[in-house]
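Heads up: the structure comes next, in structure tokens.
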Amino acid sequence: MPSFRVLVTVTLKPEILDPAGQATHQVLQHLGYAVDNVRIGRIVTLTVEADDANSARGVAERMAQDILANPIMESFECQVDLS
Amino acid sequence: MRVGVVTFPGSNCDCDTLEAFEFLDVPTKHLWYADTDLTDVDAVVLPGGFSYGDYLRSGALAAKAPMMTAIRDAIQGRDLPVLGICNGFQILTEAGLLPGALRANRHGQFRCAWQTLRVTNESPLFLGLSEGELLRLPIAHAEGSYYAPAGTLADLFMSREVWLQYVDDRGDLNTLTNPNGSLANIAGITRGNVAALMPHPERALEKAFGSEDGRRLLMAWLRGLQERSAHAS
Amino acid sequence: MQAEEVGLTSPEYMKIVELMHRKPNDLELGLFGALWSEHCSYKSTKALLSRLPHDGPHVVQGPGANAGVVRLDQDIEVAFKVESHNHPSYVEPVQGAATGVGGILRDIVAMGARPVALADLLRFGIDAHSLILLDRVVKGVGQYGNAIGIPTVIGDLAFSDTYRGNPLVNVMAVGLRSPEMHISASTARPGQWLLLVGQRTGRDGIHGASLLASRDFTEGDDDLRPTVQVGDPFLGKLLMEATLKAVSEGLLAALQDLGAAGLASATAELCDASGVGAELWLDRVPLRQKGLTAYDIMLSETQERMLLVTSDENLSQVVSIFEHQEILCSVIGHITASKELAVQYRDRPVASVRPDWLIKEAPRRPLSEAQWVSLKAPVAGGTAIAPAFDPRMVREVLSDRDVRDRRPIYRRYDSTIRSATIWGPSHDSAILRVRGSDAGLAIAVFGTGRWASVDPYAGGVGAVLLVLARLAAQGAEPLGLTDGVNAGNPDLAESYDAMAALVRGVADAARAAGVPVTGGNVSLHNETDGQAIWPTVMMGGVGRQPHPYSPLPDYLTASGDLLFLINPSELNLGGSVVALHHQGMTAFPRVDLRKVPHLLKSVSDWALSGVPRAMRAVGPGGLGAVVVRMMQGQTLAYGVEMDLKERDSDLTARLFNEVPLQWVTLVDSRDKDRAMDYWGNLGVEVTQVGVVNDTGTLSFKAQGHSWPGSTLLEAWHRPFEEGAYEP
């Protein structure tokens with residue numbers, strides 16, 4: 001079976017407060033950077049074996065829903081590449 | 001001899017640290033992170049706490065404060081002595097003023113406990129603390145796992161800059177007494193006139209609180225300062 | 001919008017129309033819905049709680065304010081309160097627990113007091129999911145408390161399947177203030193400015209209080225859940241510092257924190273308490289996202305916000321204090337003499353209601369004298385039958401989750417920050433030094449679980465007495481109590497009666513002891529799919545500790561010392577760990593309340609007399625657990641030879657009953673006569689139960705059993721993921 005590399009990007013839903021992003025934003029502004037908004041998320045890299053890219057994505061999405069992201073506060077995106 | 005204690009937004013051991021020096025009869029000055037004036041202080045302490053909430057990486061945002069630029073200049077210009085405690089250690093590594101980094105504790109949890117430490121190398125920065133001496137101090141941190149690349153770590157040992165290590169009650173190094181996964185059980189390091197440790201000496205000034213070894217440590221640092229300023233004058 | 005959508009009944013709606021002489025608009029209806037909710041109005045419990053004793057020689061502020069306040073000495077006052085965050089912690093345990101800590105800390109700050117200590121009182125189920133929730137809640141408590149820099153110095157933890165769908169997360173906060181820092185929500189005057197400071201307002205937790213915490217959960221309610229509130233301890237810290245600075249400089253006229261029902265509740269409570277009106281300009285409220293309606297802004301439960309009232313003269317100084325900390329500070333209205341809360345948005349009036357309608361006119365469930373009397377009626381709950389003693393019971397009890405070592409929990413909390421903790425969470429009460437006073441502060445907590453499961457009245461009594469017994473063991477004078485009541489749906493007779501009996505127990509015990517209850521919290525609807533939790537009260541007590549730097553030890557200190565049991569109880573295992581394991585739930589014993597003041601005073605005086613070497617109050621796990629915990633001390637050098645005269649089932653009952661008002665004390669063998677004389681003169685029974693030796697083992701002289709200390713500690717240190725040892 002081919003092996004796929006899946007990049008799962010987990011971000012806070014837009015309506016959820018991001019204190020860490022807010023504090024980072026404040027410091028970036030103090031340092032003189034022109035920046036309108038900062039949101040902090042995380043990236044999880046998975047290597048999965050699957051028949052094709054679609055089923056690799058399916059597996060990754062189930063993992064994301066199950067544990068990688070907290071559905072109450074976070075959303076996620078999966079990007080699949082053949083590794 | 002006047003010791004400055006810096007408050008960053010989110011610092012929460014600043015008051016304890018100021019009071020500790022007052023308890024030791026040392027004149028202090030409260031410094032604000034947004035200021036840059038260090039003219040009337042002889043040494044600076046970066047206290048513990050959660051500067052900027054430990055957001056992004058602990059110490060990373062505070063390392064960019066105007067006061068840190070001033071401290072960097074004073075270290076380069078007049079060899080300003082600096083002591084970092086807990087979050088202060090994290091800020092110093094993030095600012096590149098000490099080598100290495102402090103990562104999340106290996107078990108992933110905050111850890112508050114009493115911990116035995118061994119003075120690994122006698123340092124002129126701490127007069128009266130001799131090699132092999134044991135200290136009992138509280139730790140309280142989530143990101144205290146000391147890390148440095150292999151070459152840097154070897155250099156630290158070679159140059160006798162590894163100052164404090166986590167040990168068991170008998171003074172032996174072992175992984176069981178490593179509270180956070182620090183490389184080589186490192187709890188504190190020195191470089192030049194800059195020293196830092198993860199434990200909190202300001203919380204151990206009197207026996208009633210569990211130990212007075214914090215007072216011994218701070219007194220040793222103050223004696224080191226006096227000795228060096230006497231030499232310089 | 002319909003009344004039901006904001007949780008109001010049709011009679012309640014009729015009352016609103018009657019009060020207003022017109023139909024409310026949607027926003028007004030939302031304000032009534034929130035403020036007349038169970039969570040904000042205490043509609044089911046107000047009459048009940050008014051029966052608690054509130055007065056005492058040390059009381060500065062009783063119930064009704066953001067927190068109770070008692071006097072420690074001439075120069076220092078103590079503000080303290082317990083609060084629950086049960087429902088949010090079930091939905092999102094880390095943030096739910098974190099925002100719970102933030103919320104109770106702001107209550108303390110709103111009294112002008114600097115928070116100095118936290119205590120967490122937790123209840124969880126025992127299934128795998130509950131243990132994950134426990135881990136997440138502990139993370140949340142630590143995440144907020146550690147970062148804001150307030151030590152968590154003591155706590156209470158117990159488990160039962162009854163809490164599986166409704167875990168309890170109660171947090172007590174304690175603060176100190178100088179008597180000159182008197183500030184409250186009742187001192188606003190017309191002409192003053194209303195300032196909103198802190199976090200930008202978002203669509204967080206709207207109707208969290210009125211709906212989420214005021215109804216039962218059923219499966220599939222996810223869509224009703226509001227946006228999760230996220231705690232920001234960093235901003236919380238800055239907000240606390242700036243607010244306390246403004247208070248200490250005398251710049252504020254009044255102060256109110258924003259909690260449940262956000263700005264709606266804060267403005268209504270402040271205006272009602274001060275007897276004034278206000279005009280609010282919602283366009284001036286800083287928002288985190290676009291498109292918020294007036295309804296959203298008034299009811300948002302965004303964390304880390306405070307409402308300040310200041311005069312025109314002080315306004316610029318207040319603003320500059322908050323600007324210094326880079327905290328948003330906006331004038332959002334002013335106080336009027338009109339007795340109306342008038343809300344404007346986008347230059348139009350959008351609501352006009354009288355604050356007293358929202359607060360004082362809220363419907364209240366009455367409580368007749370006959371009902372009050374009936375709450376004390378005996379419960380047919382079955383008596384505990386003590387099983388014959390089996391030596392394996394010792395490890396069984398020690399390893400029970402309600403008894404075992406809480407260190408895996410409390411080591412995740414900073415208990416030493418502020419450099420004031422002399423005794424922390426490894427003890428039965430916390431002892432803090434107080435800067436500027438010779439006296440220290442003692443804090444003890446205890447919540448019911450098993451104790452109130454069958455006879456809630458007896459459980460309520462027991463919780464109060466154990467808190468007071470723990471303070472007395474240190475010779476600390478009790479100043480006040482706070483109660484966190486957690487129960488099921490008050491509209492169901494069974495749940496209401498159980499909760500009411502629990503409160504009656506608290507009232508009777510506190511009154512008997514002469515200690516006031518100065519404030520607290522009620523969390524109802526802890527009921528999932530028709531299953532209510534055991535009614536559970538989380539008690540916290542604060543005391544004046546006369547010798548903070550030299551606490552009376554709670555461990556063995558010398559070989560040859562004699563162990564005495566003060567006030568040995570009747571042999572009744574009801575509600576105990578052993579009863580639960582061997583028989584199931586049974587009624588907790590009722591105590592004769594007439595002897596309470598004499599016992600507490602005698603024990604407290606004894607603790608200060610200089611005679612005892614050590615002392616501990618008997619609690620969960622009974623005498624057996626106390627003796628083992630005293631063995632542990634700093635080393636395992638000492639052991640105890642127990643010499644009990646009871647046999648078989650009587651021995652089981654003696655060792656493991658959890659009847660309150662018993663203490664184990666140690667005396668030098670040379671002081672035996674002094675001890676016997678002391679207690680004899682007071683007419684209090686004491687009995688020698690053992691002798692300290694240097695074997696490091698626990699042994700039973702008559703029965704010939706013995707356990708090395710390490711075996712006992714292994715049981716006591718059992719991880720929470722694992723069940724108890726079973727004989």
Side-chain angles (χ1 to χ4, degrees), chain A residues 4-49 56 59-79 81 83, chain B residues 6-14 31-37 46-73 84 86-88 90-97 101-110 141-143 145:
Chain A
F4 295 89
R5 185 166 164 274
V6 189
L7 221 59
V8 186
T9 308
V10 182
T11 49
L12 282 168
K13 290 178 183 170
E15 68 274 21
I16 297 279
L17 172 70
D18 178 8
Q22 195 170 282
T24 308
H25 185 201
Q26 196 183 27
V27 172
L28 285 169
Q29 282 181 324
H30 282 309
L31 292 172
Y33 291 103
V35 54
D36 279 342
N37 193 13
V38 178
R39 306 280 292 174
I40 296 178
R42 62 183 178 279
I43 290 179
V44 183
T45 316
L46 306 166
T47 309
V48 292
E49 288 190 358
V59 172
E61 283 179 350
R62 282 204 299 281
M63 287 190 262
Q65 265 155 9
D66 197 28
I67 184 158
L68 301 180
N70 176 350
I72 290 172
M73 305 197 293
E74 296 171 328
S75 50
F76 62 88
E77 267 177 48
C78 296
Q79 186 196 321
D81 295 306
S83 65
Chain B
V6 186
T7 296
F8 299 93
S11 293
N12 59 27
C13 304
D14 45 346
L31 303 171
W32 182 240
Y33 79 105
D35 297 335
T36 52
D37 183 11
L46 305 184
F50 284 68
S51 58
Y52 291 98
D54 267 5
Y55 298 144
L56 197 61
R57 292 182 308 280
S58 52
L61 297 173
K64 298 294 184 191
M67 179 54 78
M68 287 310 295
T69 308
I71 288 173
R72 182 194 309 274
D73 292 347
C86 196
N87 190 224
Q90 295 162 339
I91 295 169
L92 287 167
T93 56
E94 280 287 344
L97 295 169
L102 291 144
R103 301 191 303 182
N105 293 352
R106 185 187 283 167
H107 43 69
Q109 292 181 355
F110 188 92
H141 58 250
E143 298 180 26
S145 180

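Since this is a predicted model, take the numbers as computed values, not measurements. Only heavy atoms go into these numbers, but all of them, side chains included; no hydrogens, no water, no symmetry mates. Naming: A, B, ... by sequence-line order, numbering from 1 per chain.
Within a 6.0 Å sphere centred on CG of A/L31, heavy atoms belonging to other residues, nucleotides or ligands number more than 12. Annotation for A/E77: atom CD does not count as buried by contact number, only 12 or fewer foreign heavy atoms lying within 6.0 Å.
Taking every heavy atom of both residues into account, B/Y55 and A/A23 meet most closely at CD1-CB, 3.6 Å. Between A/V27 and B/K64, the shortest heavy-atom distance links the atoms CG1-CB, 4.2 Å.
For chain B, the nearby part of A/Q26 is the side chain; its heavy atoms alone come within less than 4.5 Å.
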